[in-house]
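Encoded as structure tokens, the structure appears first; notes follow it.
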Amino acid sequence: MSEQAPAGTIYDRGYRHYDGPREGRSRALAAIVQAGVRRSLGLKRSWKTKIVPFGLLVLAFGPVLAFIGIRLLVGQAAGQFIGYSQYLSIVSVLLLLFAATAGPELLCPDRRSHVLALVFTRPLTWVDYLLAKLAALLLVVGLIAVVPLLVLYAGNTMTAPSAASYLRGHLGDLGRILLAGAVLTVFYAVVALAAASLTDRRSLATAGLLGTFLVSTPVANAILFSASFPGRRWVVFGALQGLPFWFVEWLFGRPPPPGSPAALAGFGGLAYLAAMAVVAALALALLTWRVARIQP
């Protein structure tokens with residue numbers, strides 16, 4: 001019996017060359033920004049990842065929308081809901097929570113999953129990667145820092161007896177809302193990404209950032225009120241969560257209450273803005289150094 005030779009079939013499927021447009025670096029940057037926004041908000045992921053970001057968005061938008069609805073129903077009888085500076089003070093707490101959870105979502109999984117080698121096979125540098133991640137976080141943090149206040153401003157305008165008169169009389173408030181929102185967005189976004197660059201564990205980055213902000217403020221205030229050494233008023237700048245608060249109060253023309261840390265320290269609002277700029281600059285330097293080191 002003759003031995004039969006093994007049979008085989010070769011299929012020449014071939015490879016089709018890509019002849020379409022080559023969008024290059026800008027398209028890669030846009031893809032990272034888009035993916036970062038989706039990940040920060042928990043989009044296209046399990047419902048558990050949506051609880052924190054959408055819960056904070058509801059806390060930011062809910063009271064504003066509720067007030068506008070009440071004003072539309074009962075008119076001026078509803079009175080003044082809350083001033084812009086007071087609402088920004090509330091929003092600053094939400095911004096800290098949002099940035100502390102969204103920032104680590106943008107950086108930590110990439111390092112933990114070892115996907116940076118794949119990312120950098122594209123025409124991207126670590127600077128591009130950093131800018132794209134920062135842009136994504138600025139967009140999502142800006143949702144809380146700016147948009148609710150703009151909605152509140154629009155609601156106050158629509159429910160005022162004269163919308164034109166309200167706009168003329170409160171045009172400065174619109175500029176202050178945009179300026180304060182931009183400053184707080186940049187401050188929290190940069191600091192959050194810097195904290196996330198120190199570890200590949202999201203929980204550690206979130207806990208570290210929240211702990212630093214929440215502990216530094218009471219500690220600095222306690223030293224300010226109890227110590228007696230010369231120059232102790234400078235300790236007020238160590239209260240990280242207090243910096244945005246006192247800047248916003250100054251921006252909207254609200255003097256610090258007697259006996260408050262800002263009143264005891266005696267600094268103006270520009271000093272708190274400068275302190276925030278210094279903190280953000282140091283955080284950006286740390287972030288740049290860390291991202292440059294973690295590239296494959």
Side-chain angles (χ1 to χ4, degrees), residues 25 28-30 32-33 35-37 39-40 91-92 94-111 116 119-120 124-146 178-202 204-217 220 234 236-248 251 269-296:
R25 178 182 173 189
L29 284 170
I32 295 178
V33 173
V37 171
R39 185 170 187 89
S40 299
V91 164
S92 67
L94 299 179
L95 283 175
L96 173 61
L97 296 174
F98 195 93
T101 55
E105 283 287 348
L106 293 177
L107 288 186
C108 296
D110 288 353
R111 296 177 58 194
L116 287 177
V119 171
F120 287 107
L124 288 172
T125 65
W126 65 268
V127 176
D128 298 327
Y129 176 81
L130 174 59
L131 291 176
K133 293 293 185 177
L134 183 57
L137 189 56
L138 288 173
L139 287 174
V140 294
V141 173
L143 284 176
I144 291 180
V146 179
L178 295 175
L179 176 59
V183 170
L184 267 60
T185 297
V186 172
F187 177 71
Y188 284 110
V190 172
V191 172
L193 276 186
S197 70
L198 296 175
T199 178
D200 59 1
R201 299 181 64 88
R202 286 167 289 183
L204 289 180
T206 298
L209 181 61
L210 290 177
T212 300
F213 268 74
L214 298 179
V215 171
S216 65
T217 299
W234 292 89
V236 73
F237 295 124
L240 295 179
Q241 188 59 16
L243 299 179
F245 176 81
W246 296 119
F247 164 70
V248 168
L251 184 63
L270 288 177
Y272 295 104
L273 177 60
M276 293 173 65
V278 171
V279 173
L282 293 175
L284 183 59
L286 173 63
L287 173 62
T288 302
W289 175 65
R290 290 290 297 174
V291 172
R293 289 181 70 246
I294 65 176
Q295 65 169 322

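FYI, the numbering just counts along the sequence from 1. This one's a predicted model, so the numbers in the text were calculated from it and none came from an experiment.
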Legend entry - Working for side-chain contact (heavy atoms from CB on, under 4.5 Å), residues V141 and F187: CA-CA 10 Å; V141 173; F187 177 71; over 6 Å; no

Legend entry - Those residues that, when tested against F237, pass ring-ring contact (aromatic ring centres under 6.0 Å, His included) (two or more places apart): W234, F267, Y272

Inset, instruction - Check A220 against G238 and note the closest heavy-atom contact, atom names and distance. - result: CB-C, 3.9 Å

Legend entry - Spacing of CG belonging to L106 relative to OG1 belonging to T101, to within rounding of 0.5 Å: 10.0 Å

Legend entry - For A205 against A195, the heavy-atom pair lying closest together: CB-O, 4.0 Å

Inset, instruction - With rounding to the nearest 0.5 Å, note down the distance linking CD1 in I144 to CG in L94. - result: 6.0 Å

Inset, instruction - For L131, check side-chain contact (heavy atoms from CB on, under 4.5 Å) against everything at least two apart and list the hits. - result: V127

Legend entry - Within-4.5 Å side-chain heavy-atom neighbours: V191 and F213: yes

Legend entry - Note, L137 side chain near V140 side chain (heavy atom, < 4.5 Å): yes

Legend entry - L97 side chain near L210 side chain, heavy-atom distance below 4.5 Å: yes

Legend entry - Any pair counted as salt bridge (Lys or Arg N to Asp or Glu O under 4.0 Å), so long as it reaches residues 127-140, sequence neighbours left out: R25-D128, D110-K133

Legend entry - Test side-chain contact (heavy atoms from CB on, under 4.5 Å) applied to L286 - qualifying residues, sequence neighbours left out: A194, L198, W289, R290

Legend entry - Rounded distance [0.5 Å steps], CD in Q241 versus OG1 in T212: 12.0 Å

Inset, instruction - With rounding to the nearest 0.5 Å, note down the distance linking CG in L214 to CG in L209. - result: 8.5 Å

Inset, instruction - Could I get the full list of side-chain contact (heavy atoms from CB on, under 4.5 Å) partners for L251, not counting sequence neighbours? - result: R176, L179, A180, F247

Inset, instruction - Flag the pair L184 / V248 as yes when at least one side-chain heavy-atom distance between them is below 4.5 Å, and no otherwise. - result: yes

Inset, instruction - Give the minimum heavy-atom separation between T206 and P104, together with the two atoms involved. - result: OG1-CG, 3.6 Å

Legend entry - Taking every non-hydrogen atom, the tightest pair across A189 and L138: CB-CD2, 3.6 Å

Legend entry - From L130 atom CG to L287 atom CG, the distance as rounded to the nearest 0.5 Å: 4.5 Å

Inset, instruction - Could you tell me the separation between the CG atom of L139 and the OG1 atom of T185, rounded to the nearest 0.5 Å? - result: 9.5 Å

Inset, instruction - For residues P244 and Y188, report the shortest heavy-atom separation together with the two atoms involved. - result: CG-OH, 3.4 Å

Legend entry - Set of side-chain contact (heavy atoms from CB on, under 4.5 Å) partners for S216, sequence neighbours left out: L240

Legend entry - Contact summary for A192 and G103, nearest pair of heavy atoms: CB-CA, 4.4 Å

Legend entry - Test item: V291 and L193 side chains (from C-beta on) under 4.5 Å apart, heavy atoms: no

